[in-house]
Amino acid sequence: MAELRLEQISKIFGTQRVVRELSLTIPEGAFTALLGPSGCGKTTTLRILAGLEHLSSGRLLLGERLLADERVHLPPETRDMGMVFQSYALWPHMAVAENVGYPLKLRNVNGAARQKQVMAALEVVELGAYADRSPQALSGGQRQRVALARCLVSEPQVVLLDEPLANLDRHLRATMEQTFRDFHRRTGATFVYVTHDQAEAMALASHIAVMHDGELMQWGAPQTLYQQPQNAWVAGFIGKGAILSLAVRNETPHLDCPRLHAGLVADNAQPRQQVLVRPEHVQVGADGVPATVESCIYQGERYLLALRLADGQRLSAFHHSPLREQQSTCVRLLQGWCLEAA
């Protein structure tokens, strides 16, 4: 196994630059998510890794092995990567075992050896009893597990997953998330997982690359992206929260309660800074800065409040009990994070 290195890779379709000089080093054995809105370039990046798209510029390496640059392009079957598609891409005329064994057939692995590897892969995804069934006879979640087994059977160094849960309902998605965790732990392979769902990325990935308009906006652990976003775009995309304009001096990105309140009530003529405040860092009570409740949404174990401050700025807060719309209250900001310009 080896790390996967993307060095200044770009992809241009006609006059449109879909991926813009993207540099990223994906650690060996990591579970990495490429996260971003539709059209941000994440699926194109995955297809470049797989060898399904040619680079316009840059280099792609697996360890010290060059996979692609402006002159070299190794075909997909030589890259030691497996891919799981959103649509499953199963052959309808083949039984489950035949679908799973197809990569081995291409490598001329036949007979008892192929049968043994196929059954081992199906047992990993708990579908050994379904080997002789048709894909059409399976549920969406079972088809996804067949696609995983087909990927597993060739023991790739890198597993590429293109929004594999997009076609499943919420219950199946939760079940399959656990299947992916188990699959990653058992194989030890490097996973690169494309999704537009931040909750999915946060739940699964050890590393997340946030993309926007073909560019890498931030790279890091899920906790870092949530707690320390580098700019206003990432702050608005990851998690819930309000971006407030406060009169604060940015000696350090992290702001505590006294500095937040001093900045919030300061004269508007002072230089201002964009500050991210998450709902869990807003305390609703009898003292603090005046605010008006604009909405109150029940979320089971808590309520999500939309609040408007006296200067018109809006923020959200979690609260243990419901408040009426247009009710006056007070808030205290417990901590916040200063943001760079997007």
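One is the number of the first residue; the rest follow in order along the sequence.
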Evaluate the side chain to side chain contact (heavy atoms under 4.5 Å, CB included) criterion for residues Leu49 and Leu60: first the C-alpha distance (whole Å), next the side-chain angles of each, then the deciding distance (0.1 Å), finally the verdict. CA-CA 8 Å; Leu49 299 183; Leu60 174 64; 3.4 Å; yes

Assess whether a salt bridge exists between [X] and [Y], defined as any Lys/Arg side-chain N lying under 4.0 Å from an Asp/Glu carboxylate O.
| X | Y | value |
| --- | --- | --- |
| Glu7 | Arg5 | yes |
| Asp197 | Arg173 | yes |
| Arg181 | Glu177 | yes |

Got a donor-acceptor contact below 3.5 angstrom from the [X] side chain to the [Y] backbone?
| X | Y | answer |
| --- | --- | --- |
| Arg145 | Val125 | yes |
| Lys42 | Gly36 | yes |
| Ser206 | Phe31 | yes |

Same cluster or not: [X] versus [Y], using hydrophobic residues (I, L, V, M, F, W, Y) connected whenever any side-chain heavy atoms lie under 4.5 Å apart?
| X | Y | value |
| --- | --- | --- |
| Trp91 | Val100 | no |
| Met94 | Val96 | no |
| Leu6 | Leu52 | yes |
| Leu35 | Met202 | yes |
| Phe183 | Leu138 | yes |

Set out, in order, the CA-CA distance, both residues' side-chain angles and the distance that settles side chain to side chain contact (heavy atoms under 4.5 Å, CB included) for Val284 and Leu323, then state yes or no. CA-CA 10 Å; Val284 179; Leu323 298 180; 4.0 Å; yes

Verify side chain to side chain contact (heavy atoms under 4.5 Å, CB included) between His261 and Val289, making sure each step is shown before the conclusion. CA-CA 8 Å; His261 277 266; Val289 179; 3.5 Å; yes

Show your reasoning for whether side chain to side chain contact (heavy atoms under 4.5 Å, CB included) applies to Leu161 and Gln144. CA-CA 11 Å; Leu161 303 109; Gln144 190 62 274; over 6 Å; no

Considering only heavy atoms from C-beta outward, does the side chain of [X] approach that of [Y] to under 4.5 Å?
| X | Y | value |
| --- | --- | --- |
| Ile48 | Leu55 | yes |
| Gln228 | Pro253 | no |
| Leu24 | Thr45 | no |

From CA spacing to verdict: side-chain hydrogen bond (donor to acceptor under 3.5 Å, both in side chains), Ser23, Gln8: CA-CA 5 Å; Ser23 291; Gln8 296 286 304; 2.9 Å; yes

Do the ring centers of Tyr193 and Phe180 come within less than 6.0 Å of each other?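 Between Phe180 and Tyr193, which both carry aromatic rings, the centre distance is below 6.0 Å.
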
